[in-house]
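A, B, ... follow the sequence lines: proteins, then strands. Residue 1 opens every chain.
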Protein chains: 2
Amino acid sequence: MRSMTTVYEALAEPTRRRILDLLRERPRLVGELVEALEMSQPGVSKHLRVLREVGLVSVRQDAQRRWYELRPEPLAEVNTWLESYRHLWEDRYNRLDDLLQELQAKERNND
Amino acid sequence: MRSMTTVYEALAEPTRRRILDLLRERPRLVGELVEALEMSQPGVSKHLRVLREVGLVSVRQDAQRRWYELRPEPLAEVNTWLESYRHLWEDRYNRLDDLLQELQAKERNND
DNA sequence: TGGTTATATAACTGTCAAGGTATATATAGA
DNA sequence: TCTATATATACCTTGACAGTTATATAACCA
């Protein structure tokens, strides 16, 4: 068991992103996730383990059942990393927007 | 060559995130990246290929050299995904903040 | 207690990615 | 033209991972 997983690796797997999306609505039992994801129960349990390891979900036991709940905090790290890039792509959109405005202005002049 | 890589997978690799961080400052030659990353040239070239495939970098040829440049646009997809989670972790911080305010208020009353 | 339900873990398999070395490609420069 | 430089690609090895089936664990219920 190596387990030096990062949030980024956890998010790389599409099924795990789907699990998070499902947990965003409400906590779920493993069985519910198995059904929603159309995947073997051990497969789902393994993904949940990864998500637990990076702190993206927590578990609450209830008899034989386990409620998995979203813990969004680790996403803040990704957000911070993205933060320093945000202005870059936003600037491009802005420039594109400027260009568009300009073209529309010309269009109006030609009428 | 399979190459149905997603931007999430591209970001999962720490070396690739470092490459993006380096390109955030300015465009770079492959050789510069090799030096900065202390990694074999083919290794770096392979990471650059993945980044190219998902559109996170573009190349400009200049004689035998290739200038790699950051294309931040694909990060917008990740940002959009994160967006629907943002209020969740921010709410928690806010609750923490509320609690703090409350404690400070009590503190003041005790003086 | 014995059976059923819910989930985790073990063991196995196939695929894929990351790293390396060796080599191909292409351009610059002597 | 020959050599050096810069980068990409081919090929190989290794390890990790996602998925599976089989089994362990543990709690509930009859």
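A donor-acceptor pair is defined here as one N or O able to donate and one able to accept, closer than 3.5 Å; no such pair exists between the side chain of Arg28(B) and the backbone of Trp67(B). A donor-acceptor pair under 3.5 Å links the side-chain atoms of Tyr85(A) to the main chain of Leu20(B), judged by distance alone.
Looking at residues two or more places apart in sequence or on another chain, you find a side chain to side chain contact (heavy atoms under 4.5 Å, CB included) between Arg17(A) and Pro14(A), Tyr8(B), Trp81(B). With sequence neighbours left out, the side chain to side chain contact (heavy atoms under 4.5 Å, CB included) criterion links Val54(A) to Thr5(A), Ala10(A), Leu56(A). Scanning for side chain to side chain contact (heavy atoms under 4.5 Å, CB included) contacts around Ala12(B) gives Glu9(A), Ala12(A), with sequence neighbours left out.
No more than 12 heavy atoms of other residues, nucleotides or ligands shown are found within 6.0 angstrom of CZ on Arg65(A).
Counting to the nearest Å, the P atom of dC28(D) and the CG atom of Asp62(A) are 9 Å from each other. Between the CZ atom of Arg52(A) and the P atom of dT9(C) there is a distance of 6 Å, given to the nearest Å. The distance from atom OH of Tyr8(B) to atom P of dA17(C) is 18 Å, rounded to the nearest whole Å. With rounding to whole Å, Leu51(B) atom CG is found 15 Å from dA8(D) atom C1'. In this structure, CD1 of Ile19(A) is placed 13 Å from P of dT7(C), rounded to the nearest angstrom. Remark: P of dA18(D) and CG of Leu11(A) are 12 Å apart, rounded to the nearest angstrom. Whole-Å rounding puts the Leu48(A) CG to dA6(C) C1' distance at 13 Å. Rounding to whole angstrom units, OH of residue Tyr68(A) and P of dA6(C) are separated by 15 Å.
Inter-residue side-chain proximity for Leu22(B) and Leu70(B) is flagged as unmet; no heavy-atom pair is nearer than 4.5 Å.
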Using a 3.5 Å cut-off and no angle test, enumerate the donor-acceptor pairs between side-chain atoms of residues 31-38 of chain B and protein atoms at least two apart in sequence or in another chain.
residue	atom	partner	partner atom	Å
Glu32(B)	OE1	Arg26(B)	NH1	3.1
Glu32(B)	OE1	Arg26(B)	NH2	3.2
Glu32(B)	OE2	Leu29(B)	N	2.8

I'd like to compare against my own output: the B/S/- annotation of nucleotides 19-30 of chain C with a strict under-4.0 Å heavy-atom distance to protein. BBBB----BS--
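Minimum atom distance to the side chain of Ser45(B) is reached by dA8(D), of the listed dA8(D), dA18(D), dA8(C).
Residues from residues 24-31 of chain B that place a heavy atom under 4.0 Å from any atom of DNA chain D, listed by number: Leu29(B), Val30(B), Gly31(B).
Of all non-hydrogen atoms in Ile19(B) and His47(B), the two that sit nearest each other are CD1-CB, 3.8 Å.
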